[in-house]
Amino acid sequence: MDNTPERKQRVLSLIQPTSIPTLGNYLGALKNWKTMSREYDCIYGVADLHALTVRIEPSTLRSQTQQMLAMLLSLDLDPENNIVFVQSHVHTHAELAWILNCYTQFGEASRMTQFKDKSRKHADNINVGLFDYPVLMAADILVYQSQFVPIGADQKQHLELARNIADRFNGVYGQTFTVPEPFIGQKGARIMSLQDPTSKMSKSDANPKASVSILDTPDVILKKFKSAVTDSEASVRYAEGKDGINNLMTIYSCCTGLSYEQIESDFAGKGYGDFKKAVAEAVIEELRPVQETYARIIKDKAYIAECAKSGAEKALYVSQKTLRKVQKKVGLWQG
Ligand code: ATP
Ligand code: MG
């Protein structure tokens with residue numbers, strides 16, 4: 001049952017199948033997903049409905065959705081005790097999103113900075129879905145009564161909107177939704193581009209040298225780190241104005257567990273060449289187990305389909321309870 005005291009706290013997070021995840025997605029989100037799956041009741045999904053907000057070839061979307069699901073299954077998330085699913089396989093998300101649209105103000109949705117950024121990037125296709133994206137995201141979270149949502153810093157504003165919608169609805173109809181809390185890992189919340197360390201590393205960046213893909217080979221990873229933009233000081237220390245080195249230190253720290261002070265003392269008197277090589281090696285080691293499992297799982301299409309089916313069944317079971325409650329509260333006649 002949903003409200004028994006012994007139920008573990010619930011965590012929800014989704015990732016769009018827009019491309020193979022980057023090291024930023026991994027350190028900012030996926031790595032935390034793995035850790036949290038040990039302690040919480042976790043629901044993780046592939047956000048294929050969200051991916052429709054920008055133009056994507058149908059065949060590409062289909063194959064990337066399977067690849068992303070395989071990627072989640074490679075994270076050692078224990079799909080028996082947690083739920084791993086594809087968003088469009090669970091109809092409650094879109095249905096709740098419609099109802100929540102009617103409890104979201106146009107003005108507050110207009111303030112979302114990601115909408116403004118993406119509208120600029122896709123000026124020829126500023127569709128209503130792009131605008132409505134955060135309301136669907138609110139439905140994704142609220143439909144499972146999630147307590148925590150692990151996100152990178154870029155999603156903080158969207159989570160705030162989900163909280164406001166939940167509070168507003170609860171205020172009108174009485175306690176209906178759990179108001180979710182963001183879970184932002186202290187380090188890795190914002191991994192920056194290797195070519196422009198003032199902007200975030202992103203899956204959809206057109207410059208392949210700017211980001212490391214989770215599936216890059218060791219050679220490619222080494223090459224990308226060697227050509228990472230740094231500064232001319234040649235001193236490995238975390239300081240204002242050293243965005244490139246700060247970013248590399250963050251990545252190194254996430255992969256090795258070393259503090260910035262330890263890194264500074266380990267690399268005292270050494271040049272950036274040595275440091276970049278060490279960062280690349282740490283990343284290669286960090287990604288190795290995921291890459292090995294992924295290579296095995298992606299070949300087994302039947303297993304991927306089977307996991308998608310059982311994940312969707314479990315997700316539907318949990319989310320339907322909330323949807324029914326909401327439908328009843330707003331006055332939809334249930335016959
Ligand atoms: P897109 O460019 O398609 O939006 P994205 O790289 O921003 O891709 P999303 O699918 O939007 O990826 O986000 C997946 C998760 O990764 C989210 O939790 C997001 O906060 C996190 N994330 C995205 N980029 C970074 C980054 N550079 N550093 C840390 N976390 C990140
Ligand atoms: Mg994004």
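Counting convention: from 1, in listed order, for ligands and their atoms alike. This one's a predicted model, so the numbers in the text were calculated from it and none came from an experiment.
For ligand 1, the 4.0 Å heavy-atom shell contains residues I15, Q16, T18, G24, N25, G28, A29, K118, I151, G152, D154, Q155, G188, A189, R190, I191, K200, M201, S202, K203, S204.
A donor-acceptor pair shorter than 3.5 Å cannot be found between the side chains of K203 and T22.
Partners of Y44 by ring-ring contact (aromatic ring centres under 6.0 Å, His included), not counting sequence neighbours, listed by chain and number: W33. Partners of K118 according to the salt bridge (charged side-chain N to carboxylate O under 4.0 Å, His left out) rule, which considers only residues two or more places apart in sequence or in another chain, do not exist here.
Salt bridge annotation for D76-K34: absent, with no cationic side-chain nitrogen under 4.0 angstrom from a carboxylate oxygen.
Listed by first then second residue, pairs satisfying side chain to side chain donor-acceptor pair (under 3.5 Å) with a partner in residues 291-301 number zero, not counting sequence neighbours.
Other residues, nucleotides and ligands contribute more than 12 heavy atoms inside 6.0 Å of the CD atom of Q334.
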